[in-house]
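Okay, structure first, notes after.
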Amino acid sequence: MAKPMNIAVVGAGLMGHGIAQVFAAAGHEVAIHDASAAALAGVVERIRGNLRDLDQDTAFADRVTPHADITSAVRNADFVVEAALENLPLKQALFAAIEQAAPATAILASNTSVIPITAIMEKLQRRERAIGTHWWNPPFLVPLVEVITTQWTDDATLAQTMALHQAIGKTPVHVKKDVPGFVGNRLQHALWREAISLVERGICDAETVDIVVKASFGLRLAVLGPLENADLVGTDLTLAIHQIVLSDIESRPGPSPYLEQLVAGGRLGFKSGEGFRRWTPEQQAAIRSAVTQHLKKARASPA
Ligand SMILES: NC(=O)c1ccc[n+]([C@@H]2O[C@H](COP(=O)([O-])OP(=O)(O)OC[C@H]3O[C@@H](n4cnc5c(N)ncnc54)[C@H](O)[C@@H]3O)[C@@H](O)[C@H]2O)c1
């Protein structure tokens with residue numbers, strides 16, 4: 001491994017603890033900060049538990065040091081990644097504090113899911129060192145990290161960020177324009193919009209949507225991306241299909257009224273026991289377990 005770096009992670013929740021774990025397992029020293037004392041108190045043990053579950057050395061967790069104070073967490077950082085709540089004013093305030101306390105040479109990254117990096121970083125003094133690094137859950141099982149540059153990010157910051165994530169075993173890709181949702185979440189939510197619309201229009205029920213995906217093109221997706229698939233069948237066939245179906249596919253610019261009704265009615269999904277479908281605690285546990293087992297298998301034998 002190249003020289004160990006000082007990594008600071010701000011936010012020790014679902015994503016932050018997992019990101020800290022990946023950097024620590026790759027040999028880096030990790031300082032982690034959270035506003036919640038409870039989240040911070042449990043973070044090293046949570047990482048140790050994940051490592052045990054992955055058959056990795058639990059001693060890697062000792063490289064993660066919790067800090068109750070954000071200033072001390074980022075003071076010596078070479079690279080800071082923020083994974084606090086998905087809230088723009090909060091992220092802006094955090095980066096103002098981070099920039100004040102971190103070394104001038106530190107790279108400052110946000111793990112936001114969909115907020116443009118430009119909006120988060122626009123008030124910083126050193127915007128050329130600011131960048132997006134969008135990981136996927138769980139960070140220690142899903143390889144992709146989208147690296148998003150803004151109009152201000154300099155070439156050295158991009159190159160260092162790509163090299164760092166490559167070296168820790170992730171699959172970094174460069175997203176050249178800072179659009180909401182970057183690449184992965186735009187693709188994912190284009191599919192979800194049509195999935196919801198199919199149910200809303202009574203074309204099929206929610207369970208059928210999921211069966212169709214899981215029993216057909218979902219099986220291929222891990223080894224055949226959409227544009228590889230379009231080339232495989234031919235761009236001429238793709239054009240012929242689009243001439244017929246695109247005008248009937250959902251293109252509403254806002255969220256579906258059906259989705260808004262579910263939320264207004266308290267049908268929030270797993271957390272309320274019902275969303276598009278009803279979920280018993282056993283069914284929820286079975287789905288979570290199936291996803292983890294599937295991702296572990298994919299990690300053991302990558303495509
Ligand atoms: N959950 C996902 O699948 C996923 C995937 C990719 C990116 N993200 C993004 O990562 C970020 C974190 O998401 P998460 O799922 O880990 O959320 P989470 O709720 O599990 O964790 C957020 C953590 O931030 C802490 N926090 C709140 N205010 C803070 C502050 N002022 N200073 C420091 N810490 C603070 C909370 O105490 C909590 O521990 C969000 O921006 C989210 O959109 C989430």
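One-based numbering, in listed order, for ligands and for the atoms of each. We number each residue from 1, following the sequence as shown. Since the model is a prediction, treat every value here as computed from it, not as a measurement.
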- Query: Got L144 and K170 here, is their nearest side-chain heavy-atom distance under 4.5 Å?
  - Reply: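 SC-SC contact between L144 and K170 ruled out.
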
- Item | Student check: side-chain heavy atoms of V233 and T238 closer than 4.5 Å | yes

- Please say whether more than 12 non-hydrogen atoms of neighbouring residues, nucleotides or ligands are located less than 6.0 Å from CD in Q293. yes

- Query: Does atom CG of D236 have more than 12 heavy-atom neighbours, drawn from other residues, nucleotides or ligands, at distances under 6.0 Å?
  - Reply: yes

- Query: Is the F79 to H165 ring centre distance short of 6.0 Å?
  - Reply: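 Yes, the ring of F79 comes within the 6.0 Å limit of the ring of H165, centre to centre.
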
- Task: Fit a plane to each ring of Y258 and F276, take the angle between them on a 0 to 90° scale, and name the class: parallel (under 30°), tilted (30 to 60°) or perpendicular (over 60°).
- Result: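 Judged by the thresholds at 30° and 60°, the geometry between Y258 and F276 is tilted.
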
Are any protein N/O atoms closer than 3.5 Å to the N/O atoms of ligand 1? If there are, list each pair with names and the distance to one decimal place.
residue	atom	partner	partner atom	Å
ligand 1	8 (N)	S113	OG	3.1
ligand 1	10 (O)	N111	ND2	3.0
ligand 1	16 (O)	L14	N	3.3
ligand 1	16 (O)	M15	N	2.8
ligand 1	20 (O)	L14	N	2.9
ligand 1	34 (N)	A35	N	3.3
ligand 1	37 (O)	D34	OD1	2.6
ligand 1	39 (O)	D34	OD2	2.6
ligand 1	41 (O)	A84	O	3.2
ligand 1	41 (O)	E86	OE1	2.5
ligand 1	41 (O)	K91	NZ	2.8
ligand 1	43 (O)	E86	OE1	2.8
ligand 1	43 (O)	S113	OG	2.7

